[in-house]
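These notes concern the structure reproduced below.
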Amino acid sequence: MTEGNNDKKVTDRLLHGLNPQQAEAVRHDQGPLLILAGAGSGKTRVITHRVAWLVRVLDVRPSAILAITFTNKAASEMKSRIEDLIGSVSQYMWIGTFHAMMMRILRRYADRIGYDRSFAIIDSDDQQKVVKSCLADLNLDEKTFAVKAVHGQISAAKNALIDVGAYERQAGSDFFRSRVAQVYRCYQAKLKKNNSMDFDDILVEAVRLLESQPDVLAEYQERFQYVLVDEYQDTNHAQYRLVRLLSERHGNLCVVGDDDQSIYSFRGANIQNILDFEKDFKRCKVIKLEQNYRSTGNVLKAANAVIRHNQGRKKKSLWTQSDDGEKITFLRAEDQNEEGRYIAREIERQVSRLSRKTYRDFAVLYRLNALSRSVEQALREQGIPYRIYGGTRFYDRKEIKDILAYLRLVVMPDDNLSLERVINVPRRGIGSATTDMLAALAERDGVSQMAVCQNAARYPELQRAASRLTAFASLISQLGAGLDSGGKTLDQYLDWMENETGLIQELLDQQQRIVSGDALDRIENLKELLSDAVEFENQVQRLAAPDETLPPEERALVPANLRETVRAFLERAALYTEMDQDKDQDDVVRLLTIHSAKGLEFDTVFIVGAEEGLFPGYRSMGSQIEFEEERRLAYVAMTRARRKLHITATRSRLLFGQTQRYVVSPFVREIPDEHVDEIGGSREGERSMPWSETSQSLPGRPPIPAARSPLADAAAYMAPKPAQKAASVHFSVGDKVEHPKFGIGRILMAEPVAGDAILQVEFKGVGTKRMLAKMAGLTRLGG
DNA sequence: ACCACGGTTTTTTTT
DNA sequence: AAACCGTGGT
Ligand SMILES: Nc1ncnc2c1ncn2[C@@H]1O[C@H](COP(=O)(O)OP(=O)(O)OP(=O)(O)O)[C@@H](O)[C@H]1O
């Protein structure tokens, strides 16, 4: 098949908006291809167009294409761009993260390597718990063997594809490592017994599956004629192995990346993967892209000047056609409050001006999540809508994890980890003595803990606790019945469950006793999960629509009933972050770490906390390797800006409970003077300038906190907030109501919460109760 | 079994 | 500063 056979219009369209090097990369046909290029040079665009080209011009079957992205968000963007280019046949392609793609394979074949195909993915929280219980089993002291450190070792080993046996051999008689090896062994055994994998296992077990099952390997090797990997500089060894395996048959592997943007070594990413690609894949073609389309001159030249200080990188000469644009503004602020106020004021100024900027044009980037606090506060005071990404994922909040654990328990009753999580949440009088016994009995009889609960009466050891355990087991089966009884949507089911389990009631009680100030937030989060479920079901329905021409193999993965929808929902909760579901059109300022900003771009970027010790972090300052990774991080941060870059540093900062004095980050000092305007002091040394000189260019003393605007309040929400169904709750204080259980009562208080309302109702002869209006089953009595 | 208290520890970055 | 852990009283 040659290009000549095809309509010139099609080829023109697919090459439109590409420079000659990009076009060359797109048109490349057989054999390995490395696209090595600096920031903003259109690498991602090349992958997208190349995929379209393969299908439209080279007549490659869409299902023969595997495209790996770094985040789920990047995957959905790529999907929709490709769909724009070639239409809905793009549905047949595999586009996603390594983890998401390997899950597809594992869901089909995990039984070949000793898992049930419905295995669960455990999150880092559960990972820690398992490590802890292994440490306890092995009588290892958590002081000497810090849970995080041990888990870090295990995770690193997995990323490097070192299995338990190999780790044991390597550890030899080394005191620490040999014990870690024991924990590693125990940890894997426990996961397997619980039919679970952790995040790393998704890759490791996929490798093991492919390497041990020749027919499975052959199937996918045959299938994937073309494999493309974006952000290749941040792949780890397991991912490298997967790429090799999957592309081996056809040899059409295209990887795209920038060694200067390798910033995930803490997660096992190996920059050598991209540096050695030419050696690794013989007859490899290398294309460099050198024109930057993203940033204005000053931004780009400054970033180039900084990254040039790194040793052992592949030299690139990035240039741009666009003019120099505005200089970078560097602010030396007195402290974090002034830094925050500067940002808030600057954003407000740009938005209210005629510069036609909107909030979504701005992003604030930082090295540590902890730095978001002060910025957040300043934005809130100015009434600027914003959203924070990172930190604790929405799905990782305690209350969300609790309800998800119930959900998992309903579809997989044998999941001991989930059972342990919720058996006493809310309080059911099942304490550690009972749970320990429960675990021991399950272990002894080789059954799941749920099975023991179901037959608790038959275990004399359980004594009086037996009835509580049976009650718990019947709660779960009752929840299961609700799942299969039909007629419910996912969000309705979740809503029902949140009440049935007593989780909501517990939070209501907590709120009443003012024990926990965030009980209300938690209720809101639980309600937010319902919105999330609505959105998820909509997506599922779109996929399941009869006009979607999915291949049978893929269609089998689309949930056909509520039970399957629940499984899919759980899987998404394990794999997705709020960033992945981000609606770009939401008009809010974005606050995120530099790591999570990789691959994104914004009109105006603020980099905060540019102080030595923070950025670069003091830990990295002893090692050249780590110091250079910090510099790459600076490079990534700077190159996110399209038009304007602000960098701020404080003289002293309150962080982690102490105020410390800081000097300006060396990376800032590496920017040539001609690209920078300084405010508030020099980037050099500590010649502390008299503050009064510049103070008029900055906001005055802290303003009296502005009334919190509703806009800001809504935006302070971490997760996207789709329109909630209009609450069908019109109760107001003083209404007379009837409750199915408590009888007649009067409403003392009504407080709106996330599309619902918390009611405080006084019932005759029963007392005061708190309940959520929608689920309470109240009827208003005509007065 | 649960809760309150006090002392200790934490802090990179995340698919 | 805030989150976490273990302890001892109820
Ligand atoms: N040939 C082109 N003409 C005009 N604009 C382009 C061209 N190629 C890419 N761009 C634009 O340049 C910007 C950066 O592109 P892209 O995100 O693909 O770069 P990248 O190399 O993946 O960047 P990074 O490595 O920094 O994530 C995008 O806004 C894209 O639309």
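Lettering of chains follows the sequences in order, A, B, ..., and the numbering in each one begins at 1.
Contacts of residues 421-431 of chain A with DNA chain B (heavy atom under 4.0 Å): Asn424(A), Arg427(A), Gly429(A), Gly431(A). For the segment residues 229-241 of chain A, the set of residues with a heavy atom within less than 4.0 Å of an atom of DNA chain B is empty.
Classification of Arg653(A) and Asp335(A) as a salt-bridged pair fails, no side-chain N sitting under 4.0 Å from a carboxylate O. Note on Asp230(A) versus Lys43(A): no salt bridge recorded, every NZ/NE/NH1/NH2 to OD/OE distance being 4.0 Å or above. Using a cutoff of 4.0 Å between basic side-chain nitrogens and carboxylate oxygens, Arg107(A) and Glu571(A) are scored as salt-bridged.
The P atoms of dG6(C) and dT11(B) are separated by 16 Å, rounded to the nearest whole Å. If you take atom C1' in dT13(B) and the same atom in dC4(C), they sit 22 Å apart, rounded to whole Å.
Residue whose closest nucleotide on DNA chain B sits further toward the 5' end, between Tyr618(A) and Arg468(A): Arg468(A). Two residues, Thr593(A) and Ala465(A), neighbour DNA chain B, and the one matched to the more 5' nucleotide by heavy-atom proximity is Ala465(A).
Using a 4.0 Å heavy-atom distance criterion, Thr434(A) is classed as a sugar-phosphate-only contact. Nucleic acid contact for Lys148(A): sugar-phosphate only, since backbone atoms but no base atoms lie under 4.0 Å from a heavy atom of the residue. If you check every strand for non-hydrogen atoms under 4.0 Å, Ala433(A) touches sugar and phosphate atoms only. Contact annotation for Asp200(A): no contact, since no heavy-atom pair falls under 4.0 Å across all strands. Contacts of Lys132(A) with the nucleic acid, taken as non-hydrogen atoms under 4.0 Å apart, involve only primed sugar atoms and P, OP1 or OP2. Ser432(A) comes within contact range of the sugar-phosphate backbone alone, with a heavy-atom separation under 4.0 Å but no base atom that close.
Between Asn159(A) atom CG and dT15(B) atom C1' the separation is 10 Å, expressed in whole Å. Across the protein-nucleic acid pair, Leu365(A) atom CG and dT14(B) atom P stand 12 Å apart, rounded to whole Å. If you measure from atom CG of Leu614(A) to atom P of dT13(B), you get 12 Å, rounded to the nearest angstrom. Between the CE atom of Met437(A) and the P atom of dA1(B) there is a distance of 11 Å, given to the nearest Å. In this structure, Arg373(A) places its CZ atom 16 Å from C1' of dT12(B), rounding to the nearest Å. If you measure from atom CG of Asp141(A) to atom C1' of dG6(C), you get 14 Å, rounded to the nearest angstrom. Phe70(A) places its CZ atom 8 Å from the C1' atom of dT14(B), with the value rounded to the nearest Å. When rounded to the nearest whole Å, the span between CG of Leu633(A) and P of dT13(B) equals 11 Å.
Looking at Asp137(A), Leu138(A), Asn139(A), Val131(A) one by one, the single match for side-chain contact (heavy atoms from CB on, under 4.5 Å) with Leu135(A) turns out to be Val131(A).
Taking the side chain of Arg267(A) as heavy atoms from C-beta on, and the options dT9(B), dT14(B), dT11(B), the nearest nucleotide is dT14(B). In the set dT13(B), dT11(B), dT15(B), dT13(B) carries the atom at the smallest distance from any side-chain atom of His595(A).
Remark: the Glu612(A) side chain and the Ser665(A) side chain contain no N/O donor-acceptor pair separated by less than 3.5 Å.
Aromatic ring centres of Tyr576(A) and His99(A) lie farther apart than the 6.0 Å criterion allows. Note: Tyr366(A) and Phe615(A) fail the aromatic proximity criterion, with ring centroids not under 6.0 Å apart.
Residue Thr577(A) has no polar side-chain atom (N or O) positioned under 4.0 Å from OP1 or OP2 of dT14(B). The side chain of Asn369(A) contributes no N or O atom lying less than 4.0 Å from OP1 or OP2 of dT12(B).
Arg373(A) CZ: 12 or fewer foreign heavy atoms inside a 6.0 Å radius.
Under 3.5 Å, the side chain of Arg367(A) and the base of dT13(B) form at least one donor-acceptor pair of N or O atoms.
A cation-pi contact, defined as under 6.0 Å to the ring centre and within 45° of the axis, is absent between Arg632(A) and Tyr635(A). Judged by the 6.0 Å distance and 45° axis criteria, Lys598(A) is positioned over the aromatic ring of Phe70(A). Geometrically, Arg267(A) does not engage Phe199(A) in a cation-pi contact defined by less than 6.0 Å to the ring centre and at most 45° from the axis.
Judged by ring centres under 5.5 Å apart and planes tilted less than 30 degrees, Tyr264(A) fails to stack against the six-membered base ring of dT14(B). For dT14(B), the base is not stacked against the aromatic ring of Phe266(A), per a cut-off of 5.5 Å between centres and 30° between planes.
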